[in-house]
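Heads up, the thing below is written out as structure tokens.
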Amino acid sequence: MILDKLQRLGHRGLSRCAAFGRSGQILFQSIVARPAPVMMFPLLIKQIYFVGVLSLVIIVVSGAFIGMVLGLQGYTILVDYGSEQAVGQMVALSLLRELAPVVTALLFAGRAGSALTAEIGLMKATEQLASLEMIGVDPYRRIIAPRLYAGFICMPLLSMIFAVVGIWGAALVAVDWLGIHSGAYWANMQQAVDFREDVLNGLIKAVVFGFIVTWIAVYQGYDCVPTSEGISQATTRTVVYASLAVLGFDFVLTALMFGDL
Amino acid sequence: MGQDTPIDKAAVMPLDDIIVEIRNMTFTRGTRQIFDDISLKIPRGRITAIMGPSGTGKTTLLKLIGGQLNPDSGQILLDDQNIPTLNRRDLFIVRERMGMLFQSGALFTDMNVFDNVAFPIRVHTDLPEEMIRDVVLMKLQAVGLRGATALMPSELSGGMARRVALARAISLDPDIVMYDEPFTGQDPIAMGVLVNLIKKLNQALGHTSIIVSHDIQETLSIADYIYVLSDGKVIAEGTPEVLKQQDSEQVRQFVDGLPDGPVPFHYPAPQLMEELMEGGVFK
Amino acid sequence: MRTRTVEISVGLFMIVGFAAFILLALNVSGLNLTPKTGGYKLYAQFENIGGLTPRAKVSMSGVQIGEVRSISLDPQMLVAEVEMNIFADVDFISTDSSAMILTSGLLGQQYIGIIPGGDMDVLGDGDFIFDTQSALVLEDLVGKFLMNQVGD
């Protein structure tokens with residue numbers, strides 16, 4: 001009984017290990033071993049369109065709402081201490097350091113990551129990947145690499161857009177509706193926010209999250225069981241694993257950046 | 001259908017000019033042994049069929065020939081080149097000589113019919129766009145779909161998609177065309193069209209055709225030589241006539257399509273009465 | 001045609017993304033790539049600067065007239081020396097002005113407030129403001145209060 005469980009545990013551990021190896025192989029094959037030729041450029045544009053441009057709406061809308069909520073909540077909390085002037089810096093810091101990269105990454109995993117997994121999984125199920133290989137085209141280079149690069153490029157841009165829209169949304173609530181002086185809002189923000197410490201660190205987080213989410217999505221799609229059931233499971237796994245990985249790495253990165261560890 | 005395409009005995013080329021030879025190949029997937037020391041020869045310029053019940057690894061065989069899988073042991077020779085030992089670059093060069101028609105058609109869903117057929121040409125040659133256009137239109141004409149160039153794969157019926165995929169498979173005039181279950185899931189008309197097409201293209205272009213199928217009548221009607229696989233071994237081979245005369249029980253069951261025989265109808269189970277009795281209802 | 005719209009929208013997306021980054025860098029973090037020219041420097045020494053940081057604002061009557069450039073410790077006097085950059089158009093700070101470190105709100109950022117004096121002469125580049133008042137440190141305040149209680 002216990003031995004059985006132990007054996008199953010060991011088996012699962014080993015298969016996880018193998019899966020990690022395969023995902024590393026995909027990354028290596030499509031990025032490191034074969035540097036992208038110029039021919040890839042139109043493919044990259046197309047993928048940036050699918051991964052980035054089509055995610056723009058959800059990013060802008062949620063950025064605006066999260067900013068507005070932050071403005072409102074920040075105001076109601078800070079007004080008790082008579083420091084409602086500080087709402088600008090509170091909003092800017094929480095957006096730049098945490099919310100913009102993390103929430104963007106979670107939305108990105110749900111919107112673009114799941115789409116990537118489903119698309120690649122479908123290509124596998126309909127034998128398009130095998131067919132590419134038979135035609136003599138490397139699917140890593142043709143299918144995987146442009147999607148990986150598109151994810152790396154889009155995620156930081158989306159995160160920056162999220163932050164700007166969020167700060168604007170908070171300004172809308174705090175300045176225009178709740179009547180905080182706009183000079184105080186912006187001046188406090190500018191004084192508290194440091195370019196290297198806050199903006200660049202947030203950007204680094206976004207780059208790392210973009211890398212993780214795209215990598216997981218592409219791997220799950222490429223490694224899925226090529227049936228309708230397998231694809232749907234892989235899509236779910238992409239969203240779950242990517243979200244967990246983003247939150248976990250967020251803690252690690254935060255500790256490294258701000259924690260003086 | 002079989003009647004419109006009688007085997008053209010006059011045009012029979014010698015069967016001993018071999019293009020693909022598999023020697024003592026063994027292949028296992030997980031713990032399941034798919035091929036057990038199998039050997040077969042595929043003659044040049046002819047239609048060779050590889051048949052057998054589902055799950056005997058027929059598609060796997062095509063993937064092995066295409067170098068997408070590697071055998072555990074044994075050789076797969078394409079004109080004296082051993083495919084499993086080729087490196088990636090040489091493998092891609094060898095694959096230019098092969099065309100494969102996948103079971104699902106495997107058309108690229110983000111391109112229209114024209115671009116799908118043009119894709120291999122664009123990848124492997126530097127032909128100017130007008131010449132590509134001419135070649136593509138000729139190939140599409142051959143499969144009767146010249147009018148469908150602007151359609152997307154999602155707008156095609158199953159039979160049409162498979163014909164477009166066929167046009168793509170022959171767009172580079174390959175030496176070998178491999179068909180993975182070309183007749184599965186087709187209505188009788190589309191099936192007849194495909195049977196004719198495979199035969200005609202084989203005669204007109206002179207390539208070697210390898211058909212993997214379990215549709216017996218259609219395959220027997222066009223194949224020049226047939227291998228029947230079962231349990232990882234070749235259980236019968238020969239021309240369609242020879243095969244029809246075979247009296248091995250396994251072959252008979254497969255060729256005549258009998259529901260029960262050496263391949264049992266029942267999945268292994270204890271005797272029905274015994275199992276029912278265990279439930280206690282009849283006690 | 002279709003690829004063209006894709007290309008254009010991707011181009012716009014990239015531009016918007018980079019614009020957002022630049023906006024964050026310049027407008028939100030107040031990053032100055034080129035130091036403001038045209039301003040002049042003033043110095044002030046404080047016994048205790050509390051939580052004052054560089055880039056804190058310098059204001060007069062609540063209007064920002066400059067910002068803190070750097071803070072250092074004077075090795076002889078052992079007091080903090082604050083270097084301020086005052087906007088060029090604010091050229092009317094009299095020599096007997098006083099500088100104090102104030103806090104905006106209870107939890108707000110600290111800034112320097114300048115209270116103008118009555119002298120006709122004005123401060124120029126590199127001058128010192130001598131009349132300064134340190135930051136209010138809560139512990140000192142509590143300590144004084146307790147001493148008074150005991151004294152009574």
Using a 6.0 Å cut-off, check whether atom [atom1] of [X] has over 12 heavy atoms from anything other than its own residue.
| X | atom1 | result |
| --- | --- | --- |
| A:Glu197 | CD | yes |
| A:Glu98 | CD | yes |
| A:Phe211 | CZ | yes |

With rounding to the nearest 0.5 Å, note down the distance linking [atom1] in [X] to [atom2] in [Y].
| X | Y | atom1 | atom2 | answer |
| --- | --- | --- | --- | --- |
| A:Leu95 | C:Leu24 | CG | CG | 9.5 Å |
| A:Tyr49 | C:Ile8 | OH | CD1 | 11.5 Å |
| C:Met14 | A:Ile45 | CE | CD1 | 7.0 Å |
| C:Phe18 | A:Leu157 | CZ | CG | 5.0 Å |

Smallest separation among heavy atoms of A:Met160 and C:Gly17, with atom names: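 Reported closest heavy-atom pair: CB-O, 4.1 Å.
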
Closest non-hydrogen atom pair between C:Val10 and A:Val53, with its separation: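 Nearest pair, atom of C:Val10 first, then A:Val53: CA-CG2, 3.9 Å.
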
Neighbours of chain C found in residues 163-180 of chain A - heavy atoms under 4.5 Å: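 A:Ala163, A:Val164, A:Ile167, listed by number.
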
Contacts with chain C made by residues 54-69 of chain A (heavy-atom distance under 4.5 Å), listed by residue number: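 The stretch touches chain C at A:Leu56.
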
4.5 Å side-chain heavy-atom contact, C:Phe21 and A:Ile161: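 Result no, sub-4.5 Å side-chain heavy-atom pair not found.
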
Engaged part of C:Tyr111 at the chain A interface, taking heavy atoms whose separation is under 4.5 Å: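 Neither the backbone nor the side chain of C:Tyr111 comes within 4.5 Å of chain A.
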
Residue A:Asp194 versus chain C: region with a heavy atom under 4.5 Å: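 Both parts, backbone and side chain.
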
Derivation and outcome, side-chain contact (heavy atoms from CB on, under 4.5 Å), residues C:Val6 and A:Phe50: CA-CA 9 Å; C:Val6 169; A:Phe50 284 122; over 6 Å; no

